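Each remark here refers to the structure printed beneath this line.
Every number for a ligand or one of its atoms is a count from 1 in the order of the listing. None of the values given here were measured: they were computed from a predicted structure.
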Amino acid sequence: MEELIQRIEQLKEEKDAVILAHFYVNDEIQAVADYIGDSFYLSKVATTIPQKVICFAGVSFMGESAKILNPEKTVLLPDATADCAMAHMVDVERIQKMREQYDDLCVVCYINSTAQIKEYADVCVTSANALDIVEKLPNRYIYFIPDENLGRYVASKVKDKVFLFNDGYCPIHKEITKERVQKAIEVHPEAKVLVHPECTMDVLELADYIGSTSGIIRYATESKEKEFIIATEKGIFYELCRKNPDKQFYPVYDGQCCEDMKKITLEKIVTCLEQMAPVVEVSDTQRTRANVPLNRMLELGK
Ligand code: 13P
Ligand code: SF4
């Protein structure tokens, strides 16, 4: 492992590259990354770094967003098959039908979506800024795609708008069920329950705190409590434990694993920096169109 890490450091210099990693990737990848964060932080940071090459340790929609926001940079995805199932759970026809039906409609698109879907959106959001951004929108009707759960969570907080939902979901968060969370609470009755808004509403109802991955880490780090049940993907434990060596973190159950995020390995990072491939490609037309909702998110999310 040491050799691989040294080789990555060498290649970063040689290729003028930087490694961005999501909190859900394997521990050793987070350890070697230059920037670790949630989807919002990573898309912001991608627009400020001086290096010519971005190696994205995450899934394809993250690489695409980085490329859309930074067309002049080379964006690499160490495993081109690392994808997000939810990103594909809405189609253009459905969006167009909604636009025909409602005049004052805003298509709010979770960043966990393909570049093709973003082309048809009015604004992008992440789990860290969805509530804040939707509150700022002038429209009465909100079509929230693709994640129904995040959409319903935002709708539960914003009372002066009418929400229309799409039936997309994250398969990993869907498996973090109410029954499993209740069982975890029985085993750890003192623990605070920290939940990602990709979980279903019945799970959110059991939460002491609801937030994005960075929100969960911040909450646990600032809290005086010592024990926490964590209802999101297990990669987050690396940063939680690193920042809070004196606290206990429990998974809801022995799963909570996004296999696509785990496809990123040190070996693949080495190969991808050596070969400068796989490169994330987005056509000029797609980039121009998808850039609009992404930039609006960065503007509104300031
Ligand atoms: P955040 O990074 O916004 O917390 O979202 C989690 C996620 O599912 C990323 O794929
Ligand atoms: Fe997609 Fe869920 Fe994996 Fe996040 S955890 S990348 S939403 S499948």
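Near ligand 1, heavy-atom contacts under 4.0 Å come from His22, Tyr24, Asp38, Ser39, Phe61, Met62, Tyr110, Asn112, Ser127, His196, Glu198, Ser212, Thr213, Met261.
Electrostatic pairing of Arg94 and Asp91 counts as a salt bridge here, judged by a charged N lying under 4.0 Å from a carboxylate O.
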Quiz: residues 123-133 side-chain donor-acceptor pairs under 3.5 angstrom, not counting sequence neighbours:
unit_1: Thr126; atom_1: OG1; unit_2: Ala128; atom_2: N; d: 3.1
unit_1: Ser127; atom_1: OG; unit_2: His196; atom_2: NE2; d: 3.4
unit_1: Asn129; atom_1: OD1; unit_2: Thr126; atom_2: N; d: 2.7
unit_1: Asp132; atom_1: OD2; unit_2: Lys136; atom_2: NZ; d: 3.4

Got a list of side-chain donor-acceptor pairs under 3.5 Å for residues 53-69, not counting sequence neighbours?
unit_1: Ser60; atom_1: OG; unit_2: Asp83; atom_2: OD1; d: 2.9
unit_1: Glu64; atom_1: OE1; unit_2: Ala115; atom_2: N; d: 2.8
unit_1: Ser65; atom_1: OG; unit_2: Phe61; atom_2: O; d: 2.9
unit_1: Lys67; atom_1: NZ; unit_2: Pro71; atom_2: O; d: 3.0
unit_1: Lys67; atom_1: NZ; unit_2: Lys73; atom_2: O; d: 2.7

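Each protein N, O or S atom less than 2.8 Å from atom 3 (Fe) of ligand 2 was counted, giving 1.
Counted within 6.0 Å of CD on Glu93, heavy atoms from surrounding residues, nucleotides or ligands total more than 12; the atom is thus considered enclosed. By the neighbour-count criterion of 12 heavy atoms within 6.0 Å, atom NZ of Lys174 is sparsely surrounded, having that number or fewer from other residues, nucleotides or ligands.
The aromatic ring centres of Phe144 and Phe165 sit 6.0 Å or more apart.
Put simply, the side chain of Asp34 reaches to within 4.5 Å of the side chain of Lys12, judged on heavy atoms. Contact annotation: the side chain of Glu274 approaches that of Arg7 to within less than 4.5 Å [non-hydrogen atoms, C-beta and beyond].
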message: With side chain to side chain donor-acceptor pair (under 3.5 Å) as the criterion, how do Glu198 and Tyr110 come out once you've worked through the C-alpha distance, each side chain's angles and the decisive distance to 0.1 Å?
response: CA-CA 11 Å; Glu198 284 178 18; Tyr110 192 22; 2.5 Å; yes

